Amino acid sequence: MFRKTVITALLTIVFTLTCLAQKRTTQATLYRQFVPSTITLKDGRKLKQPLTNVFLKNSSLVYLQGEYTMEANMDNVASVEFKDRKFYNINNQLASLVDSVGKNAVYRVDLFDMVAYQGQIRNNINISNLEIGEMVSSTTVDLNNEDDYKFPVFANYYFLYNGEYVKAHEREISRRLPKDKEMKRKYKTVIGMDNFSWTDEASLVTLLKTISNQYNSSLEP
């Protein structure tokens, strides 16, 4: 089931940074501690694991094996159920259900953005006293404070629309709508509202209800 990939080093780095900035959730995993879960594999088998978590670098399943933190082979994982919520595998990322209408739904994937983090830190470091001789020397001034040393975590959204997972983006949704003028009109009306945002759950649920033709009970993919 699992690919034995050791990620202890990265987790250690992130947890060290967490200690510097307790005001926000900055741990490398969704849960502060590893917790039990029930894993459903794509072949239908169910496995219970006592110490599991969601790794926010790529929203994958991780688990403890002795002293090592291991990353699961997401190709084999269909869903993971923790005590408080259930996650589904979308593009090998663990996604939680936001809302559903009939067989359509909105899902959320939480990830921390390493590129944005590194850029944020780099932009606040000034280079001064640059000297070029036989050797190049410089003095750097780090303008970052403790709050800057945090991993920015972003919610990424997907629609399950007519049996296909689609990233929550104007172009991606538009090209998959039925060739119906009334549907297109309603779609443009919703996304044109002043308070609509592709990163706001309420906006996406409103859009989901607008573009869905069925209003049945909640689904499980």
Side-chain angles (χ1 to χ4, degrees), residues 1-8 10-11 14-15 25 27-114 151 153-169 172-173 176 199 201 204-205 207-209 211-221:
M1 168 192 169
F2 294 123
R3 176 177 68 251
K4 294 187 176 181
T5 304
V6 182
I7 57 175
T8 305
L10 179 55
L11 285 171
V14 178
F15 279 118
T25 301
Q27 64 260 23
T29 52
L30 180 66
Y31 300 101
R32 189 166 293 277
Q33 297 180 332
F34 281 65
V35 294
S37 70
T38 300
I39 304 161
T40 301
L41 303 182
K42 289 184 178 179
D43 62 9
R45 288 182 296 154
K46 292 183 180 293
L47 303 174
K48 292 185 179 294
Q49 289 288 329
L51 297 170
T52 56
N53 218 319
V54 180
F55 189 28
L56 293 177
K57 180 178 181 293
N58 54 8
S59 196
S60 65
L61 175 67
V62 291
Y63 63 101
L64 291 183
Q65 182 172 293
E67 61 182 305
Y68 296 107
T69 302
M70 315 296 290
E71 185 174 4
N73 182 355
M74 293 299 294
D75 288 335
N76 297 327
V77 176
S79 64
V80 182
E81 187 166 5
F82 295 94
K83 183 178 181 180
D84 62 334
R85 72 189 87 174
K86 186 172 183 178
F87 292 85
Y88 302 91
N89 187 343
I90 298 179
N91 298 332
N92 282 347
Q93 297 177 325
L94 292 178
S96 57
L97 178 67
V98 175
D99 204 349
S100 63
V101 178
K103 293 184 178 181
N104 297 331
V106 175
Y107 292 90
R108 171 177 174 151
V109 176
D110 287 312
L111 298 167
F112 58 67
D113 190 330
M114 290 296 294
F151 285 94
V153 178
F154 295 97
N156 300 269
Y157 294 96
Y158 289 85
F159 281 79
L160 175 61
Y161 188 63
N162 292 339
E164 181 182 6
Y165 288 114
V166 184
K167 190 172 180 60
H169 185 278
E172 296 298 324
I173 300 297
R176 290 170 173 84
T199 58
E201 289 188 0
L204 297 180
V205 170
L207 179 60
L208 173 71
K209 294 176 179 179
I211 64 176
S212 297
N213 295 319
Q214 300 177 7
Y215 294 82
N216 299 324
S217 60
S218 296
L219 79 160
E220 290 194 3

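These numbers come from a predicted model, not from an experiment. Counting begins at 1 with the first residue of the sequence.
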Beyond-backbone contact of N89 with M74, side-chain heavy atoms, under 4.5 angstrom: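 In contact.
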
side-chain contact (heavy atoms from CB on, under 4.5 Å) between L64 and T69, intermediate numbers included: CA-CA 5 Å; L64 291 183; T69 302; 3.5 Å; yes

How close do [X] and [Y] get, heavy atom to heavy atom, and via which atoms?
X: Y88; Y: S79; answer: CD2-CB, 4.1 Å
X: V98; Y: V205; answer: CG1-CG2, 4.0 Å
X: L111; Y: S59; answer: CD2-N, 3.3 Å
X: N53; Y: L30; answer: OD1-N, 3.5 Å
X: T38; Y: K46; answer: CG2-CB, 4.4 Å
X: F55; Y: A28; answer: CD1-O, 3.4 Å

What is the distance from atom [atom1] of [X] to atom [atom2] of [Y], rounded to the nearest 0.5 Å?
X: S37; Y: K48; atom1: OG; atom2: NZ; value: 9.0 Å
X: Y161; Y: L207; atom1: OH; atom2: CG; value: 9.0 Å
X: I39; Y: E81; atom1: CD1; atom2: CD; value: 11.5 Å
X: R108; Y: F154; atom1: CZ; atom2: CZ; value: 12.0 Å
X: Y107; Y: S100; atom1: OH; atom2: OG; value: 7.0 Å
X: L61; Y: T29; atom1: CG; atom2: OG1; value: 11.5 Å

I'd like to know if the side chain of [X] and the backbone of [Y] have a donor-acceptor N/O pair within less than 3.5 Å.
X: Y158; Y: A95; value: no
X: K42; Y: D75; value: yes
X: N104; Y: N162; value: yes
X: T52; Y: Y63; value: no

Side chains of Q93 and N156, donor plus acceptor under 3.5 Å: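 Absent: no donor and acceptor within the cut-off.
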
Residues that F159 engages under ring pair (Phe, Tyr, Trp, His ring centres under 6.0 Å), provided they are two or more places apart: none

Other residues, nucleotides, ligands: >12 heavy atoms within 6.0 Å of E164 CD: yes

